[in-house]
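First the structure, in the form of structure tokens, and then the observations on it.
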There are 2 protein chains.
Amino acid sequence: MRRFLIIGHKAPTAGEFSLNDLPGSAGRLDVLCRSVNSCFFLSHEFRRDVECFLLLLGEPNPPKTIMISGEEVRYLNPDERSAGSLIKKALSIPCGDKFTESTKGIYVRKGGLKELLDEYEFVVLDENGTDIRDITDMPDNYILSDHMNFTEDEESLIKDLPKISAGPKVLHADHTIITILNESDRRE
Amino acid sequence: MRRFLIIGHKAPTAGEFSLNDLPGSAGRLDVLCRSVNSCFFLSHEFRRDVECFLLLLGEPNPPKTIMISGEEVRYLNPDERSAGSLIKKALSIPCGDKFTESTKGIYVRKGGLKELLDEYEFVVLDENGTDIRDITDMPDNYILSDHMNFTEDEESLIKDLPKISAGPKVLHADHTIITILNESDRRE
């Protein structure tokens, strides 16, 4: 199982945003939608052995966490609007501290980074980290940020985690996931 | 300079499509929009040394070719709608056999694969090709298909070109471009 956690620093935490303006009024939700695509889609196949966590930190009810299970998810297409639409549904239902299923294979709960760090051992994708190609054993779980840097509070929570880089240039989160999964595919 | 040519077998050749339905009535234009993103975007940087060619083969006026120059292009954001909007503008202007600029750095002409093969030496991204990591000299110019296989006519035009693979699993066009550019970055 591979897990990717992408932090959306301005991503909305209620379902009222417009699918026609994911980069603007929906707080760069386009980055998270493309990251969902990167986690799961192969040509005529689907990565059932991946879980994608979206940490949403925008208004009005932060933090919320959405979990998409590659094993279970249905109704997900590769385009941004498709992921956006399923995220919108997840943010429209009441939720508490435990994951509640919004549509098949998509779950939402209140809570943020601290809870996830208690549950899984992550590495951090970081431009100054060790090149993924030089890592002997591929890590299972990866943390990425959206278009913004990690905040000071996030940095203090993740400062002792191993840092991994996807290559010599700093990539968007969705492109980084592609690079990590390509390396993973080659080692299977 | 790296060049990526992506063939959109059902992609529209007039500007009347809806940006709200890129995967449906716009003939999987979402694949091409994400491929444009893959060609150019780095985190807080832009790949000025890439050119992206979109070959559009859908109704009503096929074939048309759109060329996006990384050196010159402006007004392009990472989301699908942004690329879709610029493609829509390019398909809304009259064009002939020579490239006409529609918006800054984006050009459109009548014509298809044959013309491009006369102009550049391409390799074909193909699941049965040689692994890109095993290629001594990175090729400059790459042909990819959208969600459909190459047609018989296309196959006959490209059958003698070198075949390159991006790894052990068959990837979407936009993901393949990421993998190729990551390898290219590592050799710079």
Side-chain angles (χ1 to χ4, degrees), chain A residues 18-24 26 28-34 37-47 77-85 125 127 131-133 144-149 165-188, chain B residues 18-24 26 28-34 37-47 77-85 125 127 131-133 144-149 165-188:
Chain A
S18 166
L19 293 174
N20 294 342
D21 189 25
L22 297 175
R28 292 309 307 275
L29 198 63
D30 63 310
V31 179
L32 300 192
C33 292
R34 285 194 300 281
N37 166 308
S38 293
C39 283
F40 298 117
F41 285 96
L42 290 166
S43 188
H44 311 294
E45 268 190 280
F46 198 85
R47 294 186 186 275
N77 289 315
D79 60 300
E80 291 170 12
R81 279 180 83 92
S82 172
S85 166
L125 283 156
E127 59 194 277
D131 188 335
I132 187 71
R133 293 198 192 177
L144 307 92
S145 187
D146 60 357
H147 63 297
M148 300 176 69
N149 291 330
S165 136
K169 298 206 174 166
V170 190
L171 306 180
H172 281 204
D174 55 315
H175 299 172
T176 303
I177 293 168
I178 293 302
T179 305
I180 297 296
L181 285 172
N182 182 258
E183 182 66 22
S184 173
D185 292 341
R186 290 165 176 279
R187 300 194 187 194
E188 271 177 16
Chain B
S18 165
L19 293 174
N20 295 341
D21 190 25
L22 296 175
R28 291 310 305 277
L29 199 63
D30 63 311
V31 180
L32 301 192
C33 293
R34 285 194 301 280
N37 166 309
S38 293
C39 282
F40 297 118
F41 285 96
L42 290 166
S43 188
H44 311 295
E45 267 191 281
F46 198 86
R47 295 187 186 272
N77 289 315
D79 59 299
E80 290 170 12
R81 279 180 83 92
S82 173
S85 167
L125 283 157
E127 60 195 278
D131 189 335
I132 188 69
R133 293 198 191 177
L144 306 93
S145 187
D146 60 357
H147 62 297
M148 300 176 68
N149 291 330
S165 135
K169 296 204 176 167
V170 190
L171 306 179
H172 281 205
D174 55 317
H175 300 171
T176 303
I177 293 168
I178 293 302
T179 305
I180 298 296
L181 286 171
N182 182 258
E183 182 65 22
S184 173
D185 292 342
R186 291 166 174 278
R187 301 196 187 192
E188 272 178 14

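No hydrogens, no waters, no symmetry mates; every other heavy atom, side chains included, goes into these values. We name chains A, B, ... by the order of the sequence lines, and we start the count at 1 in each one. None of the values given here were measured: they were computed from a predicted structure.
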(request) May I ask you to decide whether B:Arg186 forms a salt bridge with A:Asp131, counting only side-chain N to carboxylate O separations under 4.0 Å? (result) yes
(request) Taking A:Asp30 for its side chain and B:Pro78 for its backbone only, find out whether a donor-acceptor pair lies under 3.5 Å. (result)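 No, A:Asp30 side chain to B:Pro78 backbone: no donor-acceptor pair under 3.5 Å.
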(request) Identify which part of A:Glu188 has an atom lying under 4.5 Å from any heavy atom of chain B, answering side chain, backbone, both or neither. (result)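 Contact with chain B involves the side chain of A:Glu188 alone.
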(message) With no hydrogens and no angle check, just 3.5 Å: does a side-chain donor-acceptor pair link B:Asn182 and A:His175?
(response) no
With a 4.5 angstrom heavy-atom cut-off, could you sort out which part of [X] is near chain A: side chain, backbone, both or neither?
| X | value |
| --- | --- |
| B:Ser38 | both |
| B:Glu127 | neither |
| B:Leu171 | both |
| B:Arg187 | neither |

(request) Might you confirm whether atom CG of A:Asn149 has over 12 heavy atoms from other residues, nucleotides or ligands at distances under 6.0 Å? (result) no
(request) Quick one: which of B:Thr179, B:Asn37, B:Asn77 has the most heavy-atom pairs under 4.5 Å with chain A, could you say? (result) B:Asn37
(request) Determine the option with the most heavy-atom pairs under 4.5 angstrom with chain A, choosing from B:Val170, B:Ile177, B:Asp174. (result) B:Val170
(message) Among A:Gly167, A:Pro168, A:Cys33, which residue has the highest count of heavy-atom pairs closer than 4.5 Å to chain B?
(response)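 Counting heavy-atom pairs under 4.5 Å, the top option is A:Pro168.
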(message) Rounded to the nearest 0.5 Å, what separates atom CZ in A:Arg81 from atom CG in B:Asp21?
(response) 8.0 Å
(request) Look up atom NZ in A:Lys169 and atom OG in B:Ser43, then write down how far apart they are to the nearest 0.5 Å. (result)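 One finds 12.5 Å between NZ of A:Lys169 and OG of B:Ser43.
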(request) Identify the heavy atoms of B:His172 and A:Leu42 that sit nearest to each other, and give their distance. (result)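 That would be NE2-O, 3.2 Å.
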